[in-house]
2 protein chains.
Amino acid sequence: MTTPKNDKNPRTTGRPTLNEVARRAGVSPITASRALRGIPSVAEELAQRVREAASELGYVANPAARALASARSQTVAVVVPSLGNQLFVETLEAIHAVMRPRGLEVLIGNSHYSRDEEEDLIRNYLAYQPRGLLLTGFERTESARRMLESSGIPCVYMMDLDSGAGLHCVGFSQIRAGAAAAEHLISRGRRRMAFVGAQLDQRTLLRGEGFRRALQQAGLYDPALELLTPRPSSVGLGCELFAQLMASHPQIDAIFFGNDDLAHGALLEAMRRGVKIPEQVAVIGFNDLPASSFTVPRLSSIRTPREAIGRRAAELLLALMAGQPIAEPVQDIGFELMAREST
Amino acid sequence: MTTPKNDKNPRTTGRPTLNEVARRAGVSPITASRALRGIPSVAEELAQRVREAASELGYVANPAARALASARSQTVAVVVPSLGNQLFVETLEAIHAVMRPRGLEVLIGNSHYSRDEEEDLIRNYLAYQPRGLLLTGFERTESARRMLESSGIPCVYMMDLDSGAGLHCVGFSQIRAGAAAAEHLISRGRRRMAFVGAQLDQRTLLRGEGFRRALQQAGLYDPALELLTPRPSSVGLGCELFAQLMASHPQIDAIFFGNDDLAHGALLEAMRRGVKIPEQVAVIGFNDLPASSFTVPRLSSIRTPREAIGRRAAELLLALMAGQPIAEPVQDIGFELMAREST
DNA sequence: AGCCCACAGGATAGCGCTGTCCTCGAAACA
DNA sequence: TGTTTCGAGGACAGCGCTATCCTGTGGGCT
């Protein structure tokens, strides 16, 4: 009794098919197909019969057959660079919440911040003929770009806007967000401000760029006060980088961390070393993770609209998939500076 | 120039097909199919020609056609109860790392700790005819159980072992882990120990159960010192529950939190209130999140083998899918108590 | 009364692949 | 040399569904 189904034919699925539903409802298979897809040219009475037959048999359409016959799947693919922090998870949740009620399956790919991995994922997903794609940022290989273009599949780019000319994108300006952090620190009277970034993905670099420009404009920019590392962002790394920065540049009076994880680590390390936050050094993070309003001291941060980006990007993609005219191809959701105890 | 492809037929994909590859390689489609699938009955020279033709055309097999013809997909479905904390993300990563090199797509479903949502997901995924399923825990609806059984699709259960009789499962005993937390606190001389759990999923409850039994055995169990809430675990909730517990039971000398998030919140709240950890109250968490070794004080926790569970579960599923005999249907990966400053 | 049109519903064919025979030639044996 | 075996490669059919065309009926028109 390994397999309860007793089909002799290994090519069949053993599950009820549209034909059986149609026979039970006393209609042709095409009518059944139309009824279950909600195509309005079927009389309501027949449709009702078909729906009943389907539910009695426990019929669920075979997506492979459907995709093969119609040359389009009920699938949307999303590629994010990481699942390791809340950021993209919240965005994914929002995408799911929009797509699933419409019967669209969401394929999730994790590129681990690697262009090559992303290219592989895109190649792979395109084979599934997804109805649409949601990608993160604009940084990708040339051949990925070509595949996307020649596929003709609608695509929405999430998170950044800064170089999204001609594309459909939903996000906020990383550069302006970085600048906002700088302006906030300047408004608090700080003069020797450092930027600490990890991972060094495009968006982190753009935040740093915005921060730098704002400092330059204020005549406060010091290139020695940038600490960048390709290592992935984490609380532990934040401890380490804070210690390093305090050792090499003890005179700094503020730090902008490209990610809240790092800032959390810095707050902990500061506590261990007796560095007073914000009296001696002000600290501001980025993303405003849920924990940031509970740290000691409570962390100032740039709140990013992760849920809204997912939702709006999904809705934009739906409109593109439906061939609707797009009023706003570039949607700026903005960001919000959360000033708390740490600055 | 909306669509670069100029196919008139909307039923075709516009992408190269196996037929074209076969023609280019000068073989029959079946031979091409076999060559690309690595079936050994094809001469190496022919196989080489086919592979070249495929790569020249940029051929990627149509998974829908493949699934339809063979009645099996190249897909494995995973259902986890949450993506909101590191836990399941690390497990998912490990599953991906095992499955993707073998050409298996991983469908990720998030049940949000809801049995009904999980049932929907399972129903939906079964329609895709996945080669296998990876599920979390044993708690599910009766009809989900029936669907799984009658599908005949191999299934591996992750995380818990405590009621996995007769099933293939990979994890550790939540009950024993909870007991280990209790024993650790007892060995530190604590007498009035509380348990705080959120989410109230099966695994959290089992941890509590193990904790309770160990206290009972030591004659130290006090039912008043259990604080349970169905709200999802978070740092903020940890602050709140710690405050609540200290207000209602100021005499406690240790707390076991069912999740590190909660414990992190408790450490922060304790700092705000001047409660000395561990002098006045010892705190131990669960899962040993990466940040736990950096908190102030460093958090004692039960380290759970999340990566190993994903990897081993995936490998076990592969063996089941291949019809191999299973030596160990129940794999106990164990857990590790990380004693740090907070106890 | 005769005509046309609209529309519900059905017949047909095929999406792109693979399971299952089957063929055919060469190697291995008596 | 004749017979058998074996294995590489091909022909065929069909997985379950839907796009497309086609049929037949009823209502509105002249």
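In what follows, every chain begins at residue 1, and chains take the letters A, B, ... in the order their sequences are listed.
- In terms of heavy atoms, A/Thr17 sits closest to A/Tyr59 at C-CE1, 3.5 Å.
- Look at CG on B/Asn19: it is 9 Å from P on C/dC15, rounded to the nearest Å.
- Between B/Arg72 and C/dC17, a side-chain N or O to OP1/OP2 separation shorter than 4.0 Å is absent.
- Look at A/Arg146 and A/Glu149 and you find no salt bridge, because none of the NZ, NE, NH1 or NH2 atoms lies under 4.0 Å from a carboxylate O.
- In the set C/dG19, D/dT18, C/dA8, the nucleotide with an atom closest to the side chain of A/Ser70 is D/dT18.
- Across all strands, A/Ala61 comes closer than 4.0 Å only to sugar-phosphate atoms, never to a base (heavy-atom distances).
- If you check D/dT20, C/dT20, D/dG9 against the side chain of A/Ile30, the one that comes closest is D/dT20.
- Of all the heavy atoms in B/Thr136 and B/Glu118, the pair that sits closest is O-OE2, 4.4 Å.
- Salt bridge B/Glu44/B/Arg51: present, at least one basic N to carboxylate O contact under 4.0 Å.
- The side chain of B/Tyr59 places an N or O atom within less than 4.0 Å of a non-bridging phosphate oxygen (OP1 or OP2) of C/dC17.
- Classified by interplanar angle (parallel below 30°, tilted 30° to 60°, perpendicular above 60°), the ring pair B/Phe88/B/Tyr113 is perpendicular.
- Between the side chain of A/Arg15 and the base of D/dG16, no donor-acceptor pair of N or O atoms lies under 3.5 Å.
- The interatomic distance linking B/Glu44 (CD) with D/dG9 (C1') rounds to 15 Å, in whole Å.
- Look at CD1 on B/Ile39: it is 14 Å from C1' on D/dG7, rounded to the nearest Å.
- Atom CG of A/Leu36 and atom P of D/dC17 are 9 Å apart (whole Å).
- One can place CD of A/Gln129 at 10 Å from C1' of C/dC15, the figure rounded to the nearest angstrom.
- Straight-line distance from the CD atom of B/Gln74 to the P atom of C/dG16: 19 Å, rounded to whole Å.
- Side-chain proximity of A/Thr12 to D/dG16, D/dA8, D/dG10: nearest is D/dG16.
- Dashed line: the shortest gap from a side-chain N or O of B/Ser28 to OP1 or OP2 of D/dG10 is under 4.0 Å.
- Listed candidates were D/dG9, C/dT18, C/dC15. Nearest to the side chain of B/Leu18 is C/dT18.
- Atom CG in B/Asn62 sits about 17 Å away from atom P in D/dG16, given to the nearest Å.
- Each of A/Ala69 and B/Ser33 has a nearest nucleotide on DNA chain C; the 5'-most of these lies closest to A/Ala69.
- Where B/Leu68 and B/Ala32 meet DNA chain D, the nucleotide closest to each residue was compared, and B/Ala32 sits on the side nearer the 5' end.
- Counting non-hydrogen atoms of other residues, nucleotides and ligands closer than 6.0 Å to CZ of A/Arg72 gives a total of 12 or fewer.
- The B/Thr17 side chain lies nearest to C/dC17 when the options are D/dG10, C/dC17, C/dG9.
- Closest to the B/Arg66 side chain, of the nucleotides C/dG19, D/dG10, C/dC17, is C/dC17.
- In this model, no side-chain donor or acceptor of B/Arg34 finds a partner on the base of C/dG19 within 3.5 Å.
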